[in-house]
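Below is one structure, written out as structure tokens; the observations come after it.
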Amino acid sequence: MAFAARPVTGADVVPLENITVHPEQDRFIAPNIVTIAQARFETGAYDFCLWDGDTRVGLIALIDMAEHDDREEIDDPEAVYVWRLLIGKDFQRRGHGKAAMDFAEDWARKRSRRCVQIQAVEDNVAAIAMYQALGYTLTGHKSGKEVQLEKVL
């Protein structure tokens, strides 16, 4: 796998709009086009197109919480928050999710952040298991129906 994460450009918008998850995963994640639009209005938000070689495989959106002006009580102001992570249905279970989380951790380290946080819908057992396998721990905090996980760097 030749994984790369690059800032979303205009040329990425339509191809990313066409990358979707399995139907049973729809309720867990917003479509890429929604994330791309919202990222332009969220302070501290950065969106990245995920690549495997010359193929777009998904999108990750990160928020540097030190730059974000709308933190919730459970948000650490010294964290990078993985706001959205979508790996296309045709590219799942190939290591792209792990590679994307590694990218988020490296990005956080370069910004001197102390941890990476992510939230998952509490019954999204597969996602929570993946994050835990990568060293993330449940914090005990919730936001609506989402549980928070964190990895101290």
Side-chain angles (χ1 to χ4, degrees), residues 3-52 55-92 96-124 126-128 130-131 134 136 138-153:
F3 180 85
R6 300 184 197 113
V8 171
T9 67
D12 296 319
V13 173
V14 172
L16 283 171
E17 180 181 17
N18 294 324
I19 295 176
T20 60
V21 294
H22 294 286
E24 65 273 12
Q25 297 171 318
D26 277 337
R27 68 187 182 91
F28 297 133
I29 187 77
N32 284 334
I33 196 69
V34 171
T35 301
I36 292 166
Q38 289 177 331
R40 271 83 199 129
F41 302 98
E42 285 288 334
T43 56
Y46 301 83
D47 52 0
F48 300 90
C49 183
L50 304 177
W51 296 81
D52 185 353
T55 303
R56 292 173 184 88
V57 299
L59 175 121
I60 190 169
L62 306 174
I63 296 178
D64 185 334
M65 296 309 286
E67 298 174 10
H68 193 57
D69 62 8
D70 191 26
R71 288 190 294 269
E72 294 182 27
E73 187 176 314
I74 67 172
D75 296 328
D76 184 329
E78 289 303 314
V80 163
Y81 173 57
V82 180
W83 178 31
R84 304 265 170 76
L85 172 58
L86 187 151
I87 305 297
K89 64 184 174 215
D90 298 330
F91 308 105
Q92 294 178 7
H96 297 104
K98 178 187 182 316
M101 293 302 290
D102 288 345
F103 167 76
E105 293 167 19
D106 289 343
W107 195 81
R109 283 186 195 94
K110 288 176 185 169
R111 291 173 162 262
S112 300
R113 298 295 168 246
R114 69 165 212 91
C115 65
V116 173
Q117 295 180 323
I118 191 165
Q119 291 176 195
V121 175
E122 60 192 343
D123 66 339
N124 190 348
I128 293 169
M130 181 189 85
Y131 301 136
L134 296 176
Y136 287 76
L138 289 163
T139 66
H141 298 293
K142 287 178 68 172
S143 177
K145 293 186 177 190
E146 294 185 344
V147 295
Q148 182 187 61
L149 297 97
E150 177 179 275
K151 183 175 184 178
V152 177
L153 303 174

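Values below: every heavy atom of this structure, side chains too, minus hydrogens, waters and symmetry copies.
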Between the side chain of [X] and the main-chain N/O of [Y], is any donor-acceptor distance below 3.5 Å?
{"X": "His96", "Y": "Val57", "value": "no"}
{"X": "Gln38", "Y": "Thr35", "value": "no"}
{"X": "Arg71", "Y": "Met65", "value": "yes"}
{"X": "Gln117", "Y": "Asp76", "value": "yes"}
{"X": "Lys151", "Y": "Leu134", "value": "yes"}

Measuring only between side-chain heavy atoms, which start at C-beta, is [X] closer than 4.5 Å to [Y]?
{"X": "Tyr131", "Y": "Val116", "answer": "no"}
{"X": "Glu73", "Y": "His141", "answer": "no"}
{"X": "Asp70", "Y": "Thr43", "answer": "no"}

Evaluate the side-chain contact (heavy atoms from CB on, under 4.5 Å) criterion for residues Cys49 and Leu16: first the C-alpha distance (whole Å), next the side-chain angles of each, then the deciding distance (0.1 Å), finally the verdict. CA-CA 8 Å; Cys49 183; Leu16 283 171; 3.9 Å; yes

May I have all residue pairs that pass ring pair (Phe, Tyr, Trp, His ring centres under 6.0 Å) and include part of residues 56-85, sequence neighbours excluded?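 Of all non-adjacent pairs touching residues 56-85, none passes ring pair (Phe, Tyr, Trp, His ring centres under 6.0 Å).
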
Work out which heavy atom in [X] is nearest to a heavy atom in [Y]; give both atom names and the distance.
{"X": "Leu59", "Y": "Asn32", "value": "CB-OD1, 3.4 Å"}
{"X": "Phe48", "Y": "Ala5", "value": "CB-CB, 4.2 Å"}
{"X": "Ile60", "Y": "Ala100", "value": "CD1-O, 3.6 Å"}
{"X": "Leu153", "Y": "Ala108", "value": "CD1-CB, 3.6 Å"}
{"X": "Leu85", "Y": "Gly97", "value": "CD2-O, 4.4 Å"}
{"X": "Ala11", "Y": "Pro15", "value": "O-CD, 3.4 Å"}

Run the salt-bridge test on Lys98 and Asp102 with the 4.0 Å N-O cut-off and return the result as yes or no.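 Looking at Lys98 and Asp102, the cut-off is met.
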
Trp107 six-ring centre to Arg109 NZ/CZ under 6.0 Å and within 45° of normal: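 Judged by the rule, Arg109 and Trp107 form no cation-pi pair.
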
Check for me whether Arg84 meets the cation-pi criterion with Phe28, that is, NZ or CZ under 6.0 Å from the six-membered ring centre and within 45 degrees of the ring axis.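 No, cation not above the ring by the 6.0 Å, 45° rule.
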
List the steps, then state whether side chain to side chain donor-acceptor pair (under 3.5 Å) holds for Gln148 with Thr139. CA-CA 6 Å; Gln148 182 187 61; Thr139 66; 2.8 Å; yes

Who passes side chain to side chain contact (heavy atoms under 4.5 Å, CB included) against Ser112, sequence neighbours left out?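 So Ser112 forms no side chain to side chain contact (heavy atoms under 4.5 Å, CB included) with any residue.
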
Taking side chain to side chain contact (heavy atoms under 4.5 Å, CB included) as the definition, give me every residue that meets it alongside Ala4, ordered by chain and number, with sequence neighbours left out.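 Scan of Ala4 (side chain to side chain contact (heavy atoms under 4.5 Å, CB included), adjacent residues dropped) gives Arg6, Trp51.
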
How would you list all residue pairs meeting salt bridge (charged side-chain N to carboxylate O under 4.0 Å, His left out) that involve [range], not counting sequence neighbours?
{"range": "residues 35-52", "answer": "Arg40-Asp47"}
{"range": "residues 12-37", "answer": "Asp12-Arg56, Arg27-Asp123"}
{"range": "residues 138-148", "answer": "Glu122-Lys142"}

Matching residue for Val82 among Ile63, Leu149, Leu62 - test: side chain to side chain contact (heavy atoms under 4.5 Å, CB included):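 It is Leu62; the other options fail the test.
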
Distance, nearest 0.5 Å, that separates CZ of Phe91 from CD1 of Ile19: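 Here the interatomic distance stands at 6.0 Å.
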
In sequence, state the C-alpha distance, the side-chain angles, and the governing distance for Tyr136 and Met130, and then conclude on side-chain contact (heavy atoms from CB on, under 4.5 Å). CA-CA 9 Å; Tyr136 287 76; Met130 181 189 85; over 6 Å; no

Please step through side chain to side chain donor-acceptor pair (under 3.5 Å) for the pair Glu72 and Ser143, ending with a clear verdict. CA-CA 9 Å; Glu72 294 182 27; Ser143 177; 2.8 Å; yes

Between Glu78 and Arg111, is a salt bridge (Lys or Arg N to Asp or Glu O under 4.0 Å) present by the stated rule, with each step listed? CA-CA 10 Å; Glu78 289 303 314; Arg111 291 173 162 262; over 6 Å; no

Derivation of the side-chain contact (heavy atoms from CB on, under 4.5 Å) call for Val8 and Tyr46: CA-CA 9 Å; Val8 171; Tyr46 301 83; over 6 Å; no

